Asks: 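Attaching a single structure in C-alpha cells format; questions to follow.
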Amino acid sequence: MTHILAIASIKNLMGDEVLKRFSIIEDELKKNQVKYTEPIYRCLLSAHALCGDTSFIIPLFQRMIDDEIIPTRRCINDAMHFAARFGKSIIQAQILDLMEHYQYKKTTKVYAAMLYCMRVNEEIERAFDTVEEMKKNNINTSVSVYLSLVRSALDLECSYTAYKFMKEARSQSEFNKTHEQICMQILHCAAYTGDVSE
C-alpha cells in the first residue's frame with residue numbers, strides 16, 4: 001500500500017518529472033522484489049497519460065498479461081480515454097481486441113471514449129454509425145455526448161449530421177430547457193445552410 005501511495009503522490013507533478021519520479025519508485029519495487037499489481041500498473045498508465053505518452057499503452061497491457069494480471073474494466077476505461085485524447089483510434093482498436101479476448105462487453109464509458117476519439121479525428125459520420133450501434137445494443141448515450149457531437153459536426157459544416165445528432169439528443173429523458181436553447185441555435189444554423197428538412 002505504501003508503494004501505491006507513493007505512486008499516487010507524483011500525480012501533481014508535471015511532464016517528464018512524473019516519469020523520472022516513477023522510475024525511482026520502480027527501482028525501489030524491483031530492489032524489494034515487490035510484485036506489480038493491477039493498481040500499480042494503473043498508476044503507471046496514469047503517469048504516462050500525464051506526459052501524453054500513448055506509445056506505452058499496449059506494451060503496458062502486454063506486461064500485465066505476461067505477469068498473469070487481468071486488466072480491470074477501470075484500467076481499460078482509463079486507457080480508452082487516454083488514447084481518445086490524442087485521437088489514437090488504432091490503439092483503441094487494439095484495446096477493444098483485448099476486451100473481446102477477456103469477454104468484456106462495450107459499456108457506455110467505452111463508447112464515450114470511442115466517440116471522443118472520433119471527434120478528435122473529425123470522423124463525424126463514423127460517430128453517427130457508432131451511435132446507431134449503441135442503440136442496437138441498448139447502450140444509453142447522454143445528452144452531453146450528443147451535443148458535443150453536434151458542435152463537432154457544425155465545426156465541420158456538416159449541418160445535416162448535426163441536425164441528426166440533435167434529434168437523438170431530444171429523444172433522451174434528461175433533455176431540458178437549456179438543451180432546447182442550444183438546439184434552437186443548431187436549427188437556425190442548419191436552416192440557414194438549407195440542409196434541414198422536417
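Predicted model, so just to flag it, every value in this text is computed and none were measured. Reckoned from all heavy atoms, side chains included, excluding hydrogens, waters and symmetry mates.
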Asks: Rounded to the nearest 0.5 Å, what separates atom CZ in Arg63 from atom CD1 in Ile69?
Replies: 9.5 Å

Asks: Examine the side chains of Thr161 and Glu125 and answer whether a donor and an acceptor come within less than 3.5 Å of each other.
Replies: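 Yes, side-chain donor-acceptor contact under 3.5 Å.
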
Asks: Can you see which heavy atom on Pro71 is nearest to which on Leu98, and at what distance?
Replies: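 Smallest heavy-atom distance, with atoms named: CG-CD2, 4.1 Å.
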
Asks: Salt bridge or not for Glu38 and Arg42, using N-O below 4.0 Å?
Replies: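 Salt bridge flag = yes for Arg42 with Glu38.
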
Asks: Between Met166 and Tyr146, is there a side-chain heavy-atom distance shorter than 4.5 Å?
Replies: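 Not touching, per the 4.5 Å side-chain cut-off.
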
Asks: Is there a path of hydrophobic side-chain contacts, each under 4.5 Å between heavy atoms of I, L, V, M, F, W or Y residues, that connects Val120 with Phe128?
Replies: no

Asks: Can you check whether Val145 reaches Val131 side chain to side chain, under 4.5 Å on heavy atoms?
Replies: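 The answer is no; the side chains never approach within 4.5 Å.
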
Asks: For a 4.5 angstrom cut-off between non-hydrogen side-chain atoms, does Asp78 reach Arg74?
Replies: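 Heavy-atom side-chain distance check passes, below 4.5 Å.
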
Asks: When you look at His179 and Leu147, which way does the side-chain contact (heavy atoms from CB on, under 4.5 Å) test go after all the steps?
Replies: CA-CA 8 Å; His179 298 138; Leu147 293 183; 3.6 Å; yes

Asks: When rounded to the nearest 0.5 angstrom, what distance separates CZ in Phe175 from OG in Ser142?
Replies: 13.0 Å

Asks: Under 4.0 Å between a Lys/Arg side-chain N and an Asp/Glu carboxylate O for Glu132 and Lys135?
Replies: yes

Asks: I'd like to know whether Phe165 forms a side-chain contact (heavy atoms from CB on, under 4.5 Å) with Ile124, so could you lay out the CA-CA distance, the side-chain angles of the two residues, the decisive distance to 0.1 Å, and finally the verdict.
Replies: CA-CA 10 Å; Phe165 281 130; Ile124 297 303; 3.8 Å; yes

Asks: Might you point out which heavy atoms bring Gly87 and Asn121 nearest each other, and give the distance in Å?
Replies: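 Minimum heavy-atom separation between Gly87 and Asn121: O-ND2, 3.0 Å.
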
Asks: Can you confirm whether Phe82 sits close enough to Ile91 that some side-chain heavy atom of one is under 4.5 Å from a side-chain heavy atom of the other?
Replies: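 No; the side chains remain at least 4.5 Å from each other.
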
Asks: Can you confirm whether Lys164 is buried at NZ, in the sense that more than 12 heavy atoms of other residues, nucleotides or ligands lie under 6.0 Å from that atom?
Replies: yes

Asks: How far apart are the closest heavy atoms of Arg126 and Ser89, and which atoms are they?
Replies: NH1-CB, 4.5 Å

Asks: Ignoring hydrogens, what is the shortest heavy-atom contact between Thr107 and Ile139? Give both atom names and the distance.
Replies: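 Nearest heavy atoms, Thr107 then Ile139: C-CG2, 4.4 Å.
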
Asks: Hey, quick one: are Ile95 and Leu44 part of the same hydrophobic cluster, counting side-chain heavy atoms closer than 4.5 Å, chains of contacts allowed?
Replies: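 Yes; Leu44 is reachable from Ile95 via cluster members.
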
Asks: Heavy-atom distance under 4.5 Å between the side chains of Leu96 and Lys106, does that happen here?
Replies: yes

Asks: Count I, L, V, M, F, W, Y as connected when their side-chain heavy atoms are under 4.5 Å apart, and connections chain through other members. Are Met114 and Ile58 then in the same cluster?
Replies: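 In one cluster: yes.
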
Asks: Measure the spacing between CZ of Phe56 and CG of Leu45 and express it to the nearest 0.5 Å.
Replies: 8.0 Å

Asks: Ignoring hydrogens and geometry, is there a side-chain-to-backbone donor-acceptor pair from Gln92 to Met80 under 3.5 Å?
Replies: yes

Asks: Verify, without hydrogens or angle tests, whether Asn77 (side chain) and Lys109 (backbone) share a donor-acceptor contact under 3.5 angstrom.
Replies: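 Looks like no, no N/O pair under 3.5 Å.
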
Asks: Measure across Val150 and Ala162 and return the closest heavy-atom pair with its distance rounded to 0.1 Å.
Replies: CG2-O, 3.5 Å

Asks: Out of curiosity, Ser152 OG to Glu122 CD, how far, rounded to the nearest 0.5 Å?
Replies: 8.0 Å

Asks: Specify the closest pair of heavy atoms between Phe61 and Cys75, including all atoms of both residues, with the distance to one decimal.
Replies: CE2-SG, 3.9 Å

Asks: Between Met64 and Ile70, is any pair of side-chain heavy atoms under 4.5 Å apart?
Replies: no

Asks: Should Ile65 and Gln62 count as side-chain neighbours, where that means a heavy-atom distance under 4.5 Å?
Replies: yes

Asks: Quick check for you: to the nearest 0.5 Å, what is the distance between Glu168 atom CD and Leu149 atom CG?
Replies: 10.5 Å

Asks: Using side-chain heavy atoms (C-beta onward) and a distance below 4.5 Å, is Glu180 in contact with Asn176?
Replies: no

Asks: Between atom OH of Tyr111 and atom OG1 of Thr130, what is the distance when rounded to the nearest 0.5 Å?
Replies: 7.5 Å

Asks: Indicate, with yes or no, if Met99 and Met134 share a hydrophobic cluster defined by side-chain heavy-atom contacts under 4.5 Å among Ile, Leu, Val, Met, Phe, Trp and Tyr.
Replies: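 Met134 clusters together with Met99.
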
